[in-house]
Amino acid sequence: MLIALDKIFSDDPSPYVLVDRDLRITWANAAYLATTGRSAESIIGRIMTDAFPAPPDSVPDQMLRMSLSRVLETGRIDHLPLIPYPITAPDGSVTERYWSATHTPIMDGEGRVEYILQNTNDVTEIYRESNTLGAPGDNAKVIRRAEAVAKENLALGAAVNFVRSAFDQAPSFMVVLKGRDLTFQIVNESYLQLVGRRDLIGKTLREGLPELEGQGFYELLEQVYNSGEAVTRRGAEVRLRPTPEGPEEPRFVDFIFSPMKDPDGTPNGIFVEGHDVTRQKLAEAELIATRERFRTMAQSMPNHVWTATPEGVIDWVNDRIYAYTGVAEGQLYDGQWIDVVHPDDAEEVGAVWAAAVESTSLYQTEFRIRSADGSYRWHIVRAVPLRDASGAVERWIGTNTDIEDRKTAESALAQLNATLEERVEQRNRELEALHATLRQSQKMEAIGNLAGGIAHDFNNLLQTITGSLQLALRGLEPDSPVRPRLDQAMKAVGRGATLASQLLSFGRRQPLAPKVINLSRLLRDADHIVRSALGEAVEVETIVAGGLWNTCVDPANVESAILNLAINARDAMNGQGRLTIEIGNAYLDDAYARAHVDVTPGQYVMLAVTDTGCGMPPEIIEKVFEPFFTTKAEGRGTGLGMSMVYGFVKQSGGHVKIYSEVGNGTSIKIYLPRSLEAEDTARPAQSGPMTGGNETILLVEDDEDVRATAAGLLADLGYTVLQARDADRAMTIVESGARIDLLFTDVVMPGRMTSRQMAEKARLMMPNLAVLFTSGYTQNSIVHGGRLDAGVQLLSKPYTQEALARKLREVLAKPAPVVEQPVAEPAPPATPLAGLRVLVCEDDVIIRMNLAEVLQEAGCSVLEAGNGKKALALLETGPVDAVLIDLGLPDMSGMDLAATMRDRLPDLPVVFATGQTHVAGIEAMGRAQVLTKPFGDDALIETLLAVLGRTA
């Protein structure tokens, strides 16, 4: 284009300059540069008003800008017959010059003004001539006329600009539609915001807003144009498309369509004015919906709900209030609600409500409201003011909540408070009694542990002495002077064994052989023993309740307990009086269990022994079960009889209670757990002479003295004896192929292998091998819960040669358990845990060993750790399938250890072994279970299966 302009206008004597839509000079011919005294380099690329500055808002500035704006808006040529415009000379001086200018639009391909070509001529000389004295010539007349027109155009332009500015800044939208086809002539800013800033000027209504088709607006505008009458609408919905390709969106508008007419009354267009009220309509709709939601919610609430005006006049109540009071709808409005308030409360309630309304603060009070049946119930009544944006109260929202039950409870509480001190004292007495019971239980437990440990070691010493004495006696002549001394020594050993047995019984460590029995038959069989021990001066009465339950206990210990209690009763009665033995069913409930910390609620068989003796004071009752405590004269008792009774009962899962008053006798009640199984058939005791044999016996004993003594006793009985001091050496003998008929082993065995594992391994190699265990202690692998495992033969230490001989013949006479030899096919069925690698972290060595043994028997490979540090080190040796963690570890908590392990193995199954029933935070861990101590083998396996997601 510039090349074409140069060809056309470069040599033209008339000045030409070209500006773009931003009024930036893009080209000027030589005549323009000469007239303005500028070079092309100094003005090309600059805004025209910057290249040729005039004072802002001056007449020259306004005239130039208005003319250029008209060209850009209309696309038509605009003339400036005369415009004063100063020119700055190269030396900086400013000269007032007068010009005549024509602005011609140059369009782009879409018909839009792209450039403006200005042709300007300097008419300064002519203008000055027109203002000299004398008659003006034709040029002067033209100039004066041009000046007048310029002034009128400037005034008109200013007026138009003012109207246009007011039009655009108006808060309402305004549109001028011209002609019958309703062409957009004027559109203000508010209207463009409403319809999406479209290019509407010069387009018809249907072209500019085609989405109005079918909404009735075309027809309504045509009606206004034809009738000449204005139309007004409020809240009318119109669907507009803010963007050309976007969806239609609803808007709500208030508007007026006013017809425009020529002076002769002919319609020539329509003026549209209105407001966008979409936000207001949406807010009104939301308010209506909110009110409806409030009413729906209020009607569904169980409470009374009501509303009031800002002045405190109730104007709505929900149906709950009508249903409660029984009044008709509308009869609680205004001040009528006071009629259902209790007369004694009405005056105060009205005053509180009036004060709250006046202060516009929270209203809260309590009063009685009459129900439909005429009764009154207490309610707490609250109301809060709802405020508008300015803080003024718009409405009150209130509720009534029935608190009759709370008032009743408060009254009862007030009465209880009056007796609080007395009840606190009573509770303190109960707690003190409970604590005393707990302390006594803990003391007895500690003494029992000590007694059991002493008895275990004492039994080993007695075993050595017994064996040595018996061997010495067998080598003596009947009339040897040494024999009486050795016989006395044997009697002393027997008394020592009895003492050790009593200590074990008290410590709950004796190996019991329980069976399901009926105490009535046992008492009948033992009656003659009891009567003979009491003497003829003591009257014995036995009472057995009908329908007596069975119990699972060791019969020999029950007989011993009855005999001990009977003898103590005889001594308390000085050999004469009445002794009552009573057996019946009993139930110890939760309340009794709460008062006795060692009792489990449930069904029991009760055995009571009551005498008419001297009785005991409380301080004696507290000590009566302690070992070696006795009230008898020196030499009349060891003080272990009652201790044995206590230990046997506790070991059997029972409970013992003493009731006694000085001068009124004593009643001792023993509660043994009920058994739902059928009664066992009693077997006759073994009798006959002591016999030996010629079988080969493998003797395994770590105590050298005990082993030497036992070997001597066995050899004396005719047996061939092979000896080993631990399980590994014993297995070497078994694997050598030597003929062995019986394995005689101590239970507590040092080394890598337990006696139980050794016996099982030996039986795999020798299926017919008989096994006899011996021990003076029960906390080992063959006695669980104080009871022998099924099928296990045990000879308790210390034992005599006769007892050893009879037990050996008994065990050798029984067929050995059938042991399946391992074969390749078919494979034995695997347990659900077989092949798993389990890490056990437990600081108690005995508990850890027991856990490892149970898991190994279930087919697991077990890693053992006594603290968290070692457990983490073992975790590095290879992956594990599950971990069993004690919560109380010496170096860290079990939870911290589990969290550290989970950082390495996020899906690792974890079992927490703890005395707690719940572990905080375990729910969020996933694949974690709590195993509450104490627990049995079955519980361990079941918990591990559960955390692994397996079934038994």
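It should be emphasised that the depicted structure is a prediction, and the values quoted were computed from it without experimental measurement.
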Please find the pair of heavy atoms, one from [X] and one from [Y], that lie closest to each other, and give the distance.
| X | Y | answer |
| --- | --- | --- |
| L33 | A28 | CD2-CB, 4.2 Å |
| D276 | F173 | N-CE2, 4.0 Å |
| P60 | Y85 | CB-CD1, 3.7 Å |
| L240 | R251 | CD1-CG, 4.4 Å |
| W316 | V305 | CZ3-O, 3.9 Å |
| G265 | K261 | O-CD, 3.7 Å |

With rounding to the nearest 0.5 Å, note down the distance linking [atom1] in [X] to [atom2] in [Y].
| X | Y | atom1 | atom2 | result |
| --- | --- | --- | --- | --- |
| S361 | Q364 | OG | CD | 11.0 Å |
| L80 | L64 | CG | CG | 7.0 Å |
| F52 | I87 | CZ | CD1 | 5.5 Å |
| I116 | T102 | CD1 | OG1 | 12.5 Å |
| L23 | S69 | CG | OG | 7.5 Å |
| I25 | I43 | CD1 | CD1 | 4.5 Å |

Is the shortest heavy-atom distance from the side chain of [X] to the side chain of [Y] under 4.5 Å?
| X | Y | value |
| --- | --- | --- |
| V393 | L386 | no |
| Y218 | L212 | yes |
| I77 | P105 | yes |
| I201 | Q185 | no |
| T232 | F255 | no |
| I186 | V175 | no |
| L220 | Q215 | no |
| M66 | R70 | yes |

Would you say [Y] and [X] are linked by a side-chain donor-acceptor pair, where the criterion is simply a distance under 3.5 Å?
| X | Y | value |
| --- | --- | --- |
| D896 | S893 | yes |
| D78 | S67 | yes |
| E229 | S227 | no |

| task | Check step by step if salt bridge (charged side-chain N to carboxylate O under 4.0 Å, His left out) holds for E876 and R904. | result | CA-CA 10 Å; E876 297 294 336; R904 303 180 186 180; 2.4 Å; yes
Do [Y] and [X] meet the salt-bridge criterion of a basic N to acidic O distance under 4.0 Å?
| X | Y | result |
| --- | --- | --- |
| E237 | K281 | no |
| R233 | D254 | no |
| E211 | R198 | yes |
| R206 | D181 | no |
| R112 | E114 | no |
| D61 | R65 | yes |

Could you check whether any side-chain N or O of [X] sits under 3.5 Å from a backbone N or O of [Y], counting only pairs where one atom can act as donor and the other as acceptor?
| X | Y | answer |
| --- | --- | --- |
| D264 | T266 | yes |
| N188 | S172 | yes |
| T35 | A31 | yes |
| N119 | P15 | yes |
| R320 | N318 | no |
| T49 | P53 | no |

Under the ring pair (Phe, Tyr, Trp, His ring centres under 6.0 Å) test, residues paired with [X] that sit two or more places apart:
| X | answer |
| --- | --- |
| Y16 | F9 |
| F184 | none |
| W99 | none |

| request: Report the C-alpha distance between D315 and R395 in whole Å, list the side-chain angles of each, state the deciding distance to 0.1 Å, and finish with yes or no for salt bridge (charged side-chain N to carboxylate O under 4.0 Å, His left out). | output: CA-CA 10 Å; D315 58 0; R395 180 161 294 278; 2.6 Å; yes
Exceeds 12 heavy-atom contacts within 6.0 angstrom, atom [atom1] of [X]:
| X | atom1 | answer |
| --- | --- | --- |
| E329 | CD | no |
| R239 | CZ | no |
| E219 | CD | yes |
| R76 | CZ | no |
| R234 | CZ | no |

| field | T183 and E207: CA distance, side-chain angles, deciding distance, side-chain contact (heavy atoms from CB on, under 4.5 Å) verdict | value | CA-CA 9 Å; T183 299; E207 292 172 341; over 6 Å; no
| request: Evaluate the criterion side-chain contact (heavy atoms from CB on, under 4.5 Å) for residue pair S14 and N121; output intermediate values, then yes/no. | output: CA-CA 7 Å; S14 181; N121 292 284; 3.5 Å; yes
| task | Let me see the working for I106 and V113 under side-chain contact (heavy atoms from CB on, under 4.5 Å), right down to the final yes or no. | result | CA-CA 6 Å; I106 298 176; V113 176; over 6 Å; no
| said: Centre-to-centre under 6.0 Å for W306 and W353, is that the case here? | reply: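 So the answer is yes for these two rings.
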| message | As a test of understanding, state which of V19, T26, D108, T104 forms a side-chain contact (heavy atoms from CB on, under 4.5 Å) with Y115. | response |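 Answer to the side-chain contact (heavy atoms from CB on, under 4.5 Å) test with Y115 among V19, T26, D108, T104: T26.
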| M48 and V17: CA distance, side-chain angles, deciding distance, side-chain contact (heavy atoms from CB on, under 4.5 Å) verdict | CA-CA 10 Å; M48 176 173 278; V17 64; 3.8 Å; yes
